[in-house]
Undergrad: 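Can you keep this structure in mind? I'll have questions shortly.
Scope of the values below: all heavy atoms of this structure, side chains included, with no hydrogens, waters or symmetry mates. As the structure is a prediction and not an experimental result, all values here were calculated from the model.
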Amino acid sequence: MVQLYNLHPFGSQQVVPCKLEPERFCGGGRDALFVAAGCKVEAFTVAGQELCQPRCAFSTLGRVLRLAYSEAGISNEISQLESDFVICQKPLELLGEKSEQSGLSVTLESTGLADDKRKYSHFQHLLYRRFAPDISSYVLSDDIKLHSLQLLPIYQTGPLTSDGKNLSQQRELLSLFCFFSLPHVGYLYMVVKSVELMSVYQYPEKSQQAVLTPQFLHVITSNNLQCFTVRCSAAAAREEDPYMDTTLKACPPVSMDVCALRIQLFIGLKAICHFKNHIILLTKADPETIPERRGSPKRLLSRKDASVKIKIPPVAEAGWNLYIVNTISPVQLYKEMIDYSNTYKTAKTQSCIHLLSEAHLLVRAALMDASQLEPGEKAELLEAFKESCGHLGDCYSRLDSQHSHLTLPYYKMSGLSMAEVLGRMDWTVEDGLQKYEKGLIFYINHSLYENLDEELSEELAAKVVQMFYVAEPKQVPHILCSPSMKNINPLTAMSYLRKLDTSGFSSILLTLTKAAVALKMGDLDMHRNEMKSHSELKLVCGFILEPRLLIQQKKGQIVPTELALYLKETQPGLLVASVLGLQKNNKIGIEEADSFFKVLCAKDEDTIPQLLVDFWEAQIVACLPDVLLQELFFKLTSQYIWRLSKRQPPDTTPLRTSEDLINACSHYGLIYPWVHVLISSDSLADKNYTEDLSKLQSLICGPSFDIASIIPFLEPLSEDTIAGLSVHVLCRTRLKEYEQCIDILLERCPEAVIPYANHELKEENRTLWWKKLLPELCQRIKCGGEKYQLYLSSLKETLSIVAVELELKDFMNVLPEDGTAAFFLPYLLYCSRKKSLT
């Protein structure tokens with residue numbers, strides 16, 4: 001037996017002025033009711049609470065056996081329930097494709113359907129169910145008859161305009177439900193993606209007919225109109241929204257027990273149909289119950305003559321009526337259900353949740369059928385929807401059960417702020433002991449983690465920390481780091497932290513939280529003592545446990561904490577290491593970390609502070625995945641180049657020198673020896689940016705750097721300076737443009753040519769000693785000039801190398817024809833004697 005709530009879903013009722021006894025009837029369109037009797041059909045206008053007015057009447061060619069209304073342009077789906085059901089001793093249920101195994105064959109016939117329309121007709125097996133009577137007792141055949149087969153579609157419609165109309169007329173099927181009934185039990189299936197039994201309805205007495213709507217199941221017996229709740233909107237909501245049943249959104253479960261909202265007396269019910277917010281009922285008194293008085297008014301009647309005699313009159317004399325019963329608006333029924341639920345408000349029972357869930361589903365179902373809403377009605381329903389979510393959140397917050405986590409999504413959907421939720425709580429203390437249930441703790445804890453841009457008052461913040469100290473003391477350091485707790489009195493916060501310390505909850509996180517609170521109190525000595533009590537590595541681990549000690553968000557923007565600002569000045573290395581730890585543990589993104597350092601150092605988006613460069617260098621040293629390396633190389637080289645081109649020194653002292661970086665990781669390579677020779681030739685070099693130059697050169701000399709990617713960005717770095725020249729020559733060397741580099745060095749820094757050749761012209765490039773370097777030096781010596789002595793000494797070293805590498809004949813072929821024999825003779829003699837020497 002389902003639970004019965006004595007609510008009032010039915011409103012006013014009126015009689016349809018039919019001329020003949022109705023045999024078939026249905027609703028359709030916006031306000032039409034069609035009633036058939038024999039070969040005649042009457043149409044009536046049904047408009048709200050006004051009287052039902054005749055519209056027109058027409059005759060059919062034969063007796064009306066079935067009456068159905070179809071919108072123009074919308075396909076008419078017909079479901080039949082004939083001999084799909086066999087009485088046997090073994091019940092059977094086959095769902096979906098398995099229902100084809102029932103052995104029943106179905107043949108489609110199209111009468112009067114155009115040929116081009118037939119291709120759109122097809123059938124699909126949904127379910128097969130076979131029922132068997134209880135043979136332990138005598139059962140009348142009427143007790144096993146099936147009736148009221150119905151398919152109910154729910155569509156997903158587009159958004160509404162300000163006047164309540166749909167922007168798009170396109171409707172997409174969201175869910176499809178199938179209902180059928182036995183006299184004493186009804187079955188509701190969901191049949192969209194898969195076929196699944198949703199609800200079973202046990203009727204308190206024998207049913208005659210039932211009709212399913214998105215909000216209710218209406219059932220008639222001989223003397224009662226019954227209204228049951230349905231789970232269609234709960235199932236459709238899960239089909240519509242992928243975020244359902246998460247921490248963001250919730251909906252009462254499809255499996256929740258159904259209930260009866262009303263059982264209303266209605267004598268002689270024979271048939272029912274439904275459209276929009278109207279229920280059409282046919283009532284007819286049984287002929288044997290119609291009394292008839294006989295007698296003559298001209299004389300006194302005897303007791304025998306005056307008695308009531310019962311007879312069976314002609315069918316035409318039987319009493320009947322066709323009623324229109326208006327269902328009340330969803331909001332009105334919702335308010336009644338909320339008032340009813342107040343009887344359970346102080347009790348921590350499931351009854352309150354059940355009734356509030358029914359009210360929630362009622363509003364949700366009305367919102368899904370937005371096309372039926374009057375202008376302004378949607379806003380009222382949305383308000384009721386939020387209110388119902390708030391009521392459900394209140395219930396789950398008071399329960400200590402496996403469903404307590406539902407407090408969070410329901411409060412989120414309610415639109416209530418955290419302060420408003422806390423304001424709904426009962427803070428009275430019973431027996432000197434305050435108890436907080438899991439649901440409320442779960443909601444507050446998650447809300448404080450989600451950066452809601454809501455700052456609690458000092459009073460509420462104190463209540464929250466007291467709540468967690470009682471219920472979950474280990475969470476106290478975490479919740480004190482929430483931006484929402486900004487207004488808490490530091491003395492209050494410190495008192496709870498000290499209680500934890502003395503209670504044995506000491507941890508690195510507790511230490512860091514005390515240090516942060518001490519900073520807010522202005523007690524620098526306490527702050528320093530807390531920070532000195534652990535090693536830097538442990539402090540980094542503490543920041544990883546609670547990133548909000550350093551980084552918070554407000555209105556979507558990164559906000560460094562007071563502790564982060566203080567560490568920037570006092571312990572920048574710890575700060576960089578901590579943010580690096582957050583990134584490696586996926587507690588902060590790459591762009592977030594960059595923004596953090598820019599905001600921390602009060603720099604605009606286009607200015608890169610040295611502390612951010614320190615962070616990038618720390619990422620390189622930490623050997624991040626290769627996919628990030630090239631991006632980091634680009635950031636660093638761009639910054640090095642920009643500062644070198646602008647002769648802009650770092651705004652703070654770098655945490656690592658180039659030597660530190662070379663020793664710490666392989667991505668920074670040893671700078672080639674000839675680069676040192678080249679740089680040392682510039683006596684006017686600015687010492688303020690030599691570190692940037694060394695780091696850039698080291699990166700280019702490293703094994704991981706993609707040289708081609710940096711070439712387009714070298715333009716600001718002029719080759720007119722030795723610093724710029726060294727970078728350009730390094731890049732060309734890495735690109736194996738050796739001959740061009742030799743020309744540049746011979747022109748700009750001859751003293752670096754031989755160190756360059758010794759380092760670069762090896763293996764397959766050794767031929768450049770005599771094919772490129774030797775003839776170039778000879779040519780420049782002929783021209784003389786101020787660099788004559790440098791060229792001459794370079795030529796002598798070149799000849800020494802070539803004499804070793806080549807045979808005498810080959811050596812003589814590479815020497816200039818107009819050269820002085822006495823100059824080259826020592827090298828020729830060495831070359832000729834090297835075989836005997838070896």
Undergrad: With a 4.5 Å heavy-atom cut-off, do Thr637 and Phe705 have their side chains touching?
TA: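 Yes - at least one pair of side-chain heavy atoms lies under 4.5 Å apart.
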Undergrad: Can you list every pair that meets ring-ring contact (aromatic ring centres under 6.0 Å, His included) and has a residue in residues 550-572, with sequence neighbours left out?
TA: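 Matches after skipping sequence neighbours: His527-Tyr566.
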Undergrad: To the nearest 0.5 Å, what is the distance between CG (Leu696) and CZ (Phe633)?
TA: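 One gets 12.0 Å once the value is rounded to the nearest 0.5 Å.
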Undergrad: Any side-chain heavy atom of Pro330 within less than 4.5 Å of one from Glu377?
TA: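 Of all side-chain heavy-atom pairs linking Glu377 with Pro330, at least one is under 4.5 Å.
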Undergrad: Identify whether the distance between the nearest side-chain nitrogen and carboxylate oxygen of Arg424 and Asp394 falls below 4.0 Å.
TA: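 The answer is yes: the pair qualifies as a salt bridge.
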Undergrad: Is any side-chain heavy atom of Leu361 closer than 4.5 Å to one of Cys251?
TA: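 SC-SC contact between Cys251 and Leu361 confirmed.
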Undergrad: Salt bridge or not between Asp501 and Arg498? Use side-chain N to carboxylate O under 4.0 Å.
TA: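 A salt bridge is absent here (no side-chain N lies under 4.0 Å from a carboxylate O).
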Undergrad: Can you name the salt bridge (Lys or Arg N to Asp or Glu O under 4.0 Å) partners of Lys438, sequence neighbours left out?
TA: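 In terms of salt bridge (Lys or Arg N to Asp or Glu O under 4.0 Å), with neighbours along the sequence ignored, Lys438 is linked to Asp400.
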Undergrad: May I have the list of side-chain donor-acceptor pairs in residues 531-540 shorter than 3.5 Å, sequence neighbours left out?
TA:
residue	atom	partner	partner atom	Å
Ser533	OG	Glu530	O	2.6
His534	NE2	Thr511	OG1	3.2
Ser535	OG	Lys538	N	3.4

Undergrad: Quick check: do Ile551 and Val559 have side-chain heavy atoms less than 4.5 Å from each other?
TA: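 With C-beta onward as the side chain, the pair stays apart.
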Undergrad: Are Leu519 and Met526 packed together at the side-chain level, in the sense that at least one heavy-atom pair is separated by less than 4.5 angstrom?
TA: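 Result no, sub-4.5 Å side-chain heavy-atom pair not found.
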Undergrad: List the residues meeting ring pair (Phe, Tyr, Trp, His ring centres under 6.0 Å) with Tyr396, not counting sequence neighbours, and say none if there are none.
TA: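 Partners of Tyr396 by the ring pair (Phe, Tyr, Trp, His ring centres under 6.0 Å) criterion, ordered by chain and then number, come out as Tyr410.
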Undergrad: Using a strict cut-off of less than 4.0 Å between a Lys/Arg side-chain nitrogen and an Asp/Glu carboxylate oxygen, indicate whether Glu455 and Lys554 qualify as a salt bridge.
TA: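 Yes, charged N to carboxylate O under 4.0 Å.
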Undergrad: So, taking the atom named OH in Tyr668 and the one named OG in Ser704, what distance separates them when rounded to the nearest 0.5 Å?
TA: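 With rounding to 0.5 Å, OH (Tyr668) is 11.0 Å from OG (Ser704).
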Undergrad: What residues form a side-chain hydrogen bond (donor to acceptor under 3.5 Å, both in side chains) with Asp245, not counting sequence neighbours?
TA: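 Once residues adjacent in sequence are excluded, the partners of Asp245 under the side-chain hydrogen bond (donor to acceptor under 3.5 Å, both in side chains) criterion are Arg238.
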Undergrad: Within the distance-only criterion (no hydrogens, no angle test), does the side chain of Ser397 pair as donor or acceptor with the backbone N or O of Gly439 below 3.5 angstrom?
TA: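 Answer holds: no.
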Undergrad: With sequence neighbours left out, which residue pairs that include part of residues 444-488 fulfil the ring-ring contact (aromatic ring centres under 6.0 Å, His included) condition?
TA: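 Listed once each, the pairs are Phe442-His446, Tyr469-Tyr496.
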Undergrad: Does a side chain donor of either Glu592 or Gln553 reach within less than 3.5 Å of an acceptor in the other side chain?
TA: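 Yes, side-chain donor-acceptor contact under 3.5 Å.
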Undergrad: Find out whether Phe385 and Cys389 are in side-chain contact, i.e. whether some heavy atom of one side chain is under 4.5 Å from a heavy atom of the other.
TA: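 Contact flag for Phe385/Cys389 side chains = yes.
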Undergrad: To the nearest 0.5 Å, tell me how far Leu524 CG sits from Asn529 CG.
TA: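 Nearest 0.5 Å value for the CG-CG distance: 11.0 Å.
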Undergrad: For Glu450, check salt bridge (Lys or Arg N to Asp or Glu O under 4.0 Å) against everything at least two apart and list the hits.
TA: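 For Glu450 the salt bridge (Lys or Arg N to Asp or Glu O under 4.0 Å) partners, ignoring immediate neighbours, are Lys412.
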Undergrad: Between Lys335 and Glu387, does any side-chain N to carboxylate O distance fall below 4.0 Å?
TA: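 No salt bridge links Lys335 with Glu387.
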Undergrad: Return the OG to CG distance between Ser507 and Leu500, rounded to the nearest 0.5 Å.
TA: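 One gets 8.5 Å once the value is rounded to the nearest 0.5 Å.
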Undergrad: Could you walk me through whether Glu454 and Lys486 pass salt bridge (charged side-chain N to carboxylate O under 4.0 Å, His left out), step by step?
TA: CA-CA 10 Å; Glu454 178 187 359; Lys486 177 182 178 181; over 6 Å; no
Undergrad: Any pair with a residue in residues 507-526 that passes ring-ring contact (aromatic ring centres under 6.0 Å, His included), sequence neighbours left out, goes on the list, sorted by first then second residue, please.
TA: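 Qualifying pairs, neighbours excluded: none.
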Undergrad: Just how far is it from atom CG of Leu408 to atom OG of Ser447, taken to the nearest 0.5 Å?
TA: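 With rounding to 0.5 Å, CG (Leu408) is 6.0 Å from OG (Ser447).
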Undergrad: Any non-hydrogen side-chain atom of Arg398 less than 4.5 Å from a side-chain atom of Leu440?
TA: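 A side-chain contact is absent here, since even the closest heavy-atom pair is not under 4.5 Å.
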Undergrad: Would you call Leu717 and Trp642 a side-chain contact if the rule is heavy atoms closer than 4.5 Å?
TA: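 No, every pair of side-chain atoms sits at 4.5 Å or beyond.
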Undergrad: For Tyr436, enumerate each residue passing the ring pair (Phe, Tyr, Trp, His ring centres under 6.0 Å) test, keeping only those at least two apart in sequence or located in another chain.
TA: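 Applying ring pair (Phe, Tyr, Trp, His ring centres under 6.0 Å) to Tyr436 gives none.
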Undergrad: Suppose we screen for salt bridge (Lys or Arg N to Asp or Glu O under 4.0 Å). Which residues come up paired with Asp241, at least two apart in sequence or across chains?
TA: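 Partners of Asp241 under the salt bridge (Lys or Arg N to Asp or Glu O under 4.0 Å) test: Lys249.
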Undergrad: Which value, rounded to the nearest 0.5 Å, describes the distance between Leu422 atom CG and Lys463 atom NZ?
TA: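 Reported to 0.5 Å precision, the distance equals 8.5 Å.
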Undergrad: Apply side-chain hydrogen bond (donor to acceptor under 3.5 Å, both in side chains) to Ser388 and list each qualifying residue two or more places apart in sequence or on a separate chain.
TA: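 For Ser388 the side-chain hydrogen bond (donor to acceptor under 3.5 Å, both in side chains) partners, ignoring immediate neighbours, are His360.
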Undergrad: Quick one: salt bridge (Lys or Arg N to Asp or Glu O under 4.0 Å) partners of Lys193, sequence neighbours excluded?
TA: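 Listed in chain order: Glu239.
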Undergrad: Salt bridge check, Asp453 against Lys555: does any charged N sit closer than 4.0 Å to a carboxylate O?
TA: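 No, Lys555 and Asp453 are not salt-bridged.
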